[in-house]
2 protein chains.
Amino acid sequence: MNSKKPQIGAPKNILVPVILLHLRDINAYGYELMEKLTTFGIDSVDRGNFYRILRQLEKDELVTSEWNTDENGPAKRIYAITEEGLSYLDLWAGSFDEYQKLLTNFFKLYNPFLFASTPANKKTDEADDIND
Amino acid sequence: MNSKKPQIGAPKNILVPVILLHLRDINAYGYELMEKLTTFGIDSVDRGNFYRILRQLEKDELVTSEWNTDENGPAKRIYAITEEGLSYLDLWAGSFDEYQKLLTNFFKLYNPFLFASTPANKKTDEADDIND
DNA sequence: TACTTATAAGTGTAATTTACACCTATGTGC
DNA sequence: GCACATAGGTGTAAATTACACTTATAAGTA
């Protein structure tokens, strides 16, 4: 198990919903998506596995793709989300909602005074943005 | 990959910090901890792997254990957190803080109106134009 | 006594996921 | 004709997870 240091960084399975979320707004190709993710808060993605995830999403019919050779440089595989992908994204949103509650529970136990009822307590310390 | 349904349920690596968090408050044995976790919001743990995680945590010197044969029933292996375990827990707390921000980013994109500045917006409708 | 149930702590191992290294190809600038 | 940035991949060992199964103690009960 090697529990010496925590996965500083998100569980990798977060990649799938975040990809779908971005594709809901704009059609995009893999390379582009990876760049967007780093600005989203996900630092460092394994490029190789990222492309594999995209191809798998296509196999599962959550996205579709087609080659774009119009622009300069190497051809890009442009992805678009499907109806199925959209409802799959909604499932994830529900799951993340649960997970947020879990994290709130964690911090309630970890640092109970952050959740104290009097606003005075909250003002005394920095991290009062934890619970939102 | 089989992306057909999301891991409705937490990433398993959350188990380690949650175990440590509980052990910070009370010394406990595996079976007991598993019951606590279900009330904590983690539904269904793999008992076998749970015990394996505990033994691994001990190998990593994040917890210590000793048998308790005083009480009725099978002997219990009582765990206690170490100093190292405590600081490891703190590392996790930082990591979760990051992850919470990521989830907030997710929902900002997923359902932006939840984060609208005017309270009036929140009141008007539930989610009409978001998904269609 | 033998059998069932609840508690407590595990083992074995296949399947899945992740990490890490490496490969192919196109176009631009030097 | 070579380096470099972009774009999309493969191969595979290591780690993790899921699922089935095992051992053992004590209490209750037929």
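All values below come from the heavy atoms of this structure, side chains included, with hydrogens, waters and symmetry mates left out. Proteins come first, then strands; the chains are lettered A, B, ... in the order of their sequence lines, and each starts at number 1.
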Taking the side chain of [X] as its heavy atoms from C-beta onward, which of [options] lies nearest to it?
X: B:Asn49; options: D:dA18, D:dG8, C:dT18; value: D:dA18
X: A:Tyr51; options: D:dA7, C:dG10, C:dG12; value: D:dA7
X: B:Lys76; options: D:dG9, D:dT12, C:dA9; value: C:dA9
X: B:Pro74; options: C:dA25, D:dA24, D:dG8; value: D:dA24

Matching residue for B:Leu15 among B:Val45, B:Asn49, B:Leu33 - test: side chain to side chain contact (heavy atoms under 4.5 Å, CB included)
B:Val45
For A:Gly48, report the nucleic acid contact type (base, sugar-phosphate, nothing); a contact means any heavy atom under 4.0 Å.
base
When we call it a touch if two heavy atoms are under 4.0 Å apart, what does A:Phe50 touch: a base, just sugar-phosphate, or nothing?
nothing
Atom-to-atom span, [atom1] of [X] to [atom2] of [N] - whole angstrom:
X: A:Tyr29; N: C:dT26; atom1: OH; atom2: C1'; answer: 14 Å
X: A:Arg52; N: C:dT16; atom1: CZ; atom2: C1'; answer: 13 Å
X: B:Leu54; N: C:dG10; atom1: CG; atom2: C1'; answer: 11 Å
X: B:Asn68; N: D:dT25; atom1: CG; atom2: P; answer: 16 Å
X: B:Leu15; N: D:dT16; atom1: CG; atom2: P; answer: 13 Å
X: A:Arg55; N: D:dG9; atom1: CZ; atom2: C1'; answer: 9 Å
X: B:Asp46; N: C:dA9; atom1: CG; atom2: P; answer: 15 Å
X: B:Ile14; N: D:dT17; atom1: CD1; atom2: C1'; answer: 16 Å

Relative to the ring of B:Tyr110, is the ring of B:Phe107 parallel (under 30°), tilted (30 to 60°) or perpendicular (over 60°)?
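The rings of B:Phe107 and B:Tyr110 stand perpendicular, inter-plane angle above 60°.
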Quiz item: A:Arg77 side-chain donor-acceptor pair to D:dG9 base, under 3.5 Å
no
Just by distance, do the side chain of [X] and the backbone of [Y] share a donor-acceptor pair under 3.5 Å?
X: A:Asp60; Y: A:Leu62; value: no
X: A:Ser65; Y: A:Ile78; value: no
X: B:Arg47; Y: B:Met34; value: no

Does a side-chain N or O from B:Tyr31 land closer than 4.0 Å to OP1 or OP2 of C:dT7, or not?
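Yes.
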Between C:dG10 and B:Arg47, is there an OP1 or OP2 to side-chain N/O distance shorter than 4.0 Å?
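Checking C:dG10 against B:Arg47, no side-chain N or O comes under 4.0 Å of OP1 or OP2.
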